[in-house]
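The structure under discussion appears below in the form of C-alpha cells.
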Amino acid sequence: MTDVLVECVPNVSEGRRHDVVDELVAAFAGADPGVLVLDRSSDPDHNRTVITLAGPGPALVDAAVAGARACVRLIDLNRHRGVHPRMGALDVLPFVPFGEATRLSGAGDPDLDCAALAERAGRRIAAEVGVPVYLYGAAARRPERAALPAVRGRGFEALRDALGSPGATGSPGDHPGGPPDPPDRAPDLGGPGLHPTAGATAVGAREILVAYNVDLADADLDLARRIAAAVRERDGGLPAVRAMGVALSERGGPGDRRGGPPDGRGLVQVSMNLLDYRVTPPAVAFAAVAELAGRAGARVEASEIVGLVPAAALAGVDPADLRLRGDVSELLLENRLARAMDSQLEGRR
C-alpha cells in the first residue's frame with residue numbers, strides 16, 4: 001500500500017485560533033477514509049498551520065477540495081495578520097511523491113502523478129469552491145510560475161489590487177516595500193479576480209522540502225533579514241535555500257505586548273525552506289546562520305522543524321547541536337506514517 005501513497009501538505013492561514021485549526025484539519029481528514037493526518041504544526045507569529053497528509057492520490061484530491069471549502073468558510077484574509085506572506089486562506093497546496101510508484105510528473109497512471117493530481121485538485125477548487133488557483137512547481141503551466149515566491153508575489157492585498165478585485169484599495173501594484181507586481185497576474189484556473197475573503201490558492205507539485213527555522217536572541221529584525229539574504233540561494237548563499245527574516249512578537253521579540261527589550265533587540269527568526277535537504281541539510285543551514293549571528297553579537301536561541309522531515313535529513317546529527325525543539329522521533333516522516341497506518345488498521349478491526 002505504501003508504494004502508491006502521495007504526501008500533501010496544505011498550508012492554511014490560521015495559526016492562533018485552535019478551535020478553527022481543529023475544524024480545518026477535520027475537514028481535510030474527513031473527506032475520505034484513506035486520508036492519513038500525519039502532523040499539524042501551528043505558529044502564532046506566522047499565523048499559519050502546516051498540515052501533513054498522506055494517502056492515495058484521488059483521496060487527497062477529495063481532501064483538498066473539502067479543506068478548501070472549510071478555509072473559505074472559516075478564514076477571512078481581510079482580518080488576517082501574520083509575519084508569513086500569504087495570498088490565500090488555503091495558501092499553498094503541494095502534492096509530493098512519496099511511495100515508490102509515485103512520480104513528480106510524467107507517471108503513466110495519473111493517480112500516481114503529482115503534477116496531474118495538482119491540476120485535478122486545482123480545477124475542482126476553482127470550479128466547486130470558487131477560489132482561483134495558480135499552478136506552481138512541476139504543475140506550472142508557465143515557467144515563470146514554477147517558483148512559489150514568484151506566484152505569491154507580495155501577497156493577498158497586492159494581488160487583489162493588481163487584479164482589480166472587489167475590495168481593492170489602490171491602483172494595481174501600488175504597495176510600498178517592493179517592486180510592482182507583474183502586470184499579467186491572472187490565475188491559471190478560475191478568476192479573473194480573487195475570492196473576496198479567501199484570496200487564491202497556489203496548487204502545485206514538488207519534491208520533499210524541509211521547513212526549518214532558527215530563532216535568534218539579542219538580535220533585531222534588520223539582522224535577521226541580513227542573515228536571510230546571506231544564506232538564501234537567490235542572493236548567492238546556500239544552494240537550494242529560500243529564507244526570510246521575521247520578528248517573533250508572540251515569543252518575546254520586538255513589540256511583544258508582554259514586554260520586550262527597550263532597545264528593540266529581542267527574538268527574531270531566520271525562516272528557511274530547504275528545497276533539497278541532500279544538498280543543504282538542516283545542520284549546514286544552522287551552522288551558516290549561527291556563524292553570521294555570532295559575528296553580529298547575537299546568539300541562537302533554538303531551531304525548529306515545521307511539519308515533518310525524512311530521517312535522512314537529520315542522520316548523524318545530534319539534535320542538541322542544533323538546539324532543536326521537540327522530540328526528534330516525533331519529527332520524522334517515517335515514524336509518523338507508521339503510527340498513522342497502525343491506527344488506521346486498528347480502527348478497521
Side-chain angles (χ1 to χ4, degrees), residues 5-18 20-32 34-43 46-75 77 80 82 84-98 114-115 117-126 128-139 148 151-152 156 189 195 197-211 273 305-309 333 336-337 340:
L5 290 183
V6 173
E7 184 185 14
C8 185
V9 192
N11 287 220
V12 302
S13 297
E14 178 57 64
R16 297 173 183 171
R17 299 177 295 166
H18 300 298
V20 171
V21 174
D22 288 343
E23 196 167 347
L24 294 172
V25 173
F28 284 103
D32 188 285
V35 175
L36 301 172
V37 179
L38 306 188
D39 185 67
R40 54 186 277 185
S41 179
S42 298
D43 188 295
H46 291 237
N47 201 5
R48 188 176 186 86
T49 296
V50 176
I51 306 165
T52 306
L53 309 174
L60 292 177
V61 171
D62 288 342
V65 177
R69 190 175 286 114
C71 286
V72 169
R73 179 167 53 87
L74 295 168
I75 299 172
L77 287 186
H80 177 275
H84 198 289
R86 82 287 183 267
M87 69 177 189
L90 172 55
D91 190 45
V92 184
L93 184 75
F95 289 81
V96 182
F98 185 75
C114 289
L117 292 169
E119 175 92 21
R120 194 185 313 173
R123 286 185 179 278
R124 289 189 57 191
I125 289 170
E128 299 175 29
V129 186
V131 173
V133 166
Y134 293 83
L135 296 168
Y136 80 99
L148 180 58
V151 171
R152 185 188 284 130
F156 171 66
L189 300 166
H195 187 285
T197 60
T201 298
V203 183
R206 60 162 174 78
E207 298 287 359
I208 289 175
L209 63 75
V210 176
N273 277 344
I305 300 288
V306 180
L308 303 176
V309 295
L333 180 58
R336 299 295 285 273
L337 176 62

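Computed from a predicted structure; not experimentally measured.
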Task: For the student: nearest non-hydrogen atoms of A198 and V72, plus distance - done: CB-CG2, 3.7 Å
Open item on the list: Test your reading of the model: is there a side-chain donor-acceptor pair from N11 to the backbone of V9, 3.5 Å cut-off?
Closed with: yes
- [ ] Taking the side chain as every heavy atom from C-beta outward, state whether L333 and E7 have any atom pair closer than 4.5 Å.
- [x] yes
Open item on the list: Quick check for you: to the nearest 0.5 Å, what is the distance between F28 atom CZ and C71 atom SG?
Closed with: 5.0 Å
Task: Euclidean distance, F156 CZ relative to H195 NE2, rounded to 0.5 Å - done: 9.5 Å
Task: side-chain contact (heavy atoms from CB on, under 4.5 Å) between L337 and L5, intermediate numbers included - done: CA-CA 10 Å; L337 176 62; L5 290 183; 3.9 Å; yes
- [ ] Report the distance from atom CG of D39 to atom CZ of R336, rounding to the nearest 0.5 Å.
- [x] 4.5 Å
Task: Value rounded to 0.5 Å, distance of CG in D43 from CZ in R16 - done: 9.0 Å
Task: Considering all heavy atoms, the nearest C114-V6 contact - done: SG-CG1, 3.9 Å
Task: Donor-acceptor under 3.5 Å (N47 side chain, G15 main chain) - done: yes
Task: side chain to side chain donor-acceptor pair (under 3.5 Å) against R206, all qualifying residues, sequence neighbours excluded - done: none
Task: Any L117 side-chain heavy atom under 4.5 Å of L60 side chain - done: no
Task: For L148 against A202, the heavy-atom pair lying closest together - done: CD1-CB, 3.7 Å
Open item on the list: Could you report the tightest heavy-atom contact between A118 and L135, atom names first, then the distance?
Closed with: O-CD2, 4.1 Å
Quiz: residues 49-59 side-chain donor-acceptor pairs under 3.5 angstrom, not counting sequence neighbours:
residue: T49; atom: OG1; partner: E14; partner atom: O; Å: 2.5
residue: T49; atom: OG1; partner: S42; partner atom: OG; Å: 2.6

Task: Test item: S41 side-chain N/O and V306 main-chain N/O as donor-acceptor pair under 3.5 Å - done: no
Open item on the list: Looking at every heavy atom in both E207 and P97, which two are closest together, and how far apart are they?
Closed with: OE1-CG, 3.5 Å
Task: side chain to side chain contact (heavy atoms under 4.5 Å, CB included) partner of L90, chosen from V129, L24, T201 - done: T201
Open item on the list: For A68 versus I125, what's the shortest heavy-atom pair and its separation?
Closed with: CB-CG1, 4.0 Å
Task: R152 side chain near V92 side chain, heavy-atom distance below 4.5 Å - done: yes
TODO: If a pair satisfies side-chain hydrogen bond (donor to acceptor under 3.5 Å, both in side chains) and one of its residues is in residues 55-71, list it, with sequence neighbours excluded.
DONE: D62-R124
Task: Nearest-0.5 Å distance that lies between atom NE2 in H80 and atom OG in S13 - done: 4.5 Å
